[in-house]
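Worth knowing before you read on, the calculation uses all heavy atoms, side chains too, and leaves out hydrogens, waters and symmetry mates.
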Amino acid sequence: MPPAITVVILAAALLLLMTPFWMHFALTESGGVYAAPRAYDAYELSDRTVAELFLGPGTFAAFSGDEAAHMREVRLVLYGFLALAVAGTAFLAWRIGRAPSDPRTWRSIARGGAALAVGLLVVGALTALFFDLAFEAFHRIFFPGGNWAFAPDSLLIKLYPYAFWQLSAGALGLLGIGGG
């Protein structure tokens with residue numbers, strides 16, 4: 001049960017970060033707004049990109065062919081993670097529904113949340129110190145085809161610059177720690 005709660009908490013945190021509230025803030029703070037002539041245009045492009053990640057059609061027409069292909073892979077990874085979260089939520093609901101007053105169930109959930117918080121504190125500290133390595137490792141694991149490195153002047157990199165990912169990774173860690 002602890003793995004299920006960790007996935008559910010991280011998915012909830014990720015979904016919060018995919019909202020315009022966070023995305024617009026992170027685009028502004030990271031300089032991603034300069035990918036378009038006006039900040040509004042960058043926000044709109046990002047909103048369309050996020051909507052396309054969740055709802056399709058998956059063309060990502062604003063981006064170059066390589067960038068669009070990467071975004072389609074991002075979409076597959078996102079769908080896989082969200083499927084795990086839905087399965088985790090169903091499992092937790094089943095366990096709680098089966099014995100809502102069983103203290104072992106609640107202790108197990110608490111252990112999962114605590115393990116997530118401690119794990120994120122450790123991983124977060126290492127990631128803060130070695131963000132370049134963590135960023136590359138993440139991409140090598142989830143995008144082994146290697147289509148994740150783009151020129152600095154590509155639209156995808158200008159819209160979501162390195163600082164965007166540093167800020168978002170930190171926010172994901174803090175939300176995960178808080179949720180745990």
Side-chain angles (χ1 to χ4, degrees), residues 1-33 39 42-43 46-55 71 74-143 148 159-180:
M1 193 150 47
I5 195 66
T6 62
V7 170
V8 170
I9 291 169
L10 285 175
L14 181 64
L15 290 174
L16 285 172
L17 295 180
M18 300 295 277
T19 63
F21 177 78
W22 173 259
M23 296 296 287
H24 294 187
F25 168 78
L27 287 171
T28 300
E29 293 303 308
S30 68
V33 293
Y43 298 150
S46 180
D47 292 348
R48 283 197 328 258
T49 301
V50 170
E52 202 162 344
L53 278 173
F54 284 97
L55 305 172
M71 293 306 296
V74 168
R75 187 175 184 208
L76 287 174
V77 170
L78 176 66
Y79 279 6
F81 181 67
L82 293 177
L84 280 175
V86 167
T89 301
F91 174 73
L92 290 169
W94 172 76
R95 272 295 292 269
I96 292 168
R98 195 176 72 154
S101 60
D102 184 353
R104 290 175 299 170
T105 298
W106 296 105
R107 277 194 301 272
S108 183
I109 290 171
R111 277 193 308 273
L116 175 64
V118 169
L120 285 175
L121 282 169
V122 172
V123 170
L126 291 171
T127 299
L129 292 172
F130 306 104
F131 188 79
D132 294 350
L133 293 173
F135 188 79
E136 185 171 337
F138 173 85
H139 281 85
R140 287 189 185 274
I141 291 167
F142 290 103
F143 307 102
W148 54 269
L159 184 63
Y160 302 113
Y162 195 69
F164 173 90
W165 298 111
Q166 289 175 307
L167 195 61
S168 296
L172 181 65
L174 290 174
L175 287 170
I177 291 166

Subject >> Sequence neighbours excluded, every pair satisfying side chain to side chain donor-acceptor pair (under 3.5 Å) that has a member inside residues 86-105 >> reply: Asp102-Arg104
**OP:** Mind jotting down which residue pairs meet the side chain to side chain donor-acceptor pair (under 3.5 Å) criterion with at least one end in residues 11-27? Sequence neighbours excluded, please.
**Re:**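 Every side chain to side chain donor-acceptor pair (under 3.5 Å) pair that includes a residue of residues 11-27, provided the two are not neighbours, is Trp22-Ser168, His24-Asp47.
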Residues in side chain to side chain donor-acceptor pair (under 3.5 Å) contact with [X], at least two apart in sequence or another chain:
X: Glu136; answer: Arg140
X: Arg75; answer: Tyr79
X: Ser30; answer: none
X: Gln166; answer: none

**OP:** Starting at CG of Leu92, measure out to CD1 of Ile109 and round the result to the nearest 0.5 Å.
**Re:**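 CD1 of Ile109 is found 5.5 Å from CG of Leu92.
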**OP:** Can you measure from CG (Leu82) to CG (Leu15) and round to the nearest 0.5 angstrom?
**Re:**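 Separation between the atoms: 5.5 Å.
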**OP:** Only counting residues at least two apart or in another chain, list the ones meeting ring-ring contact (aromatic ring centres under 6.0 Å, His included) with Phe142.
**Re:** Phe138
Subject >> By salt bridge (Lys or Arg N to Asp or Glu O under 4.0 Å) - contacts of Arg48 (at least two apart) >> reply: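 Counting only residues at least two positions away or on another chain, Arg48 forms a salt bridge (Lys or Arg N to Asp or Glu O under 4.0 Å) with Glu44.
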Partner set under side chain to side chain contact (heavy atoms under 4.5 Å, CB included) for [X], not counting sequence neighbours:
X: Leu84; value: Val7
X: Leu27; value: Val33, Tyr43, Ser46, Leu159, Tyr160, Phe164
X: Pro2; value: Ser108
X: Ala13; value: Leu172, Leu175

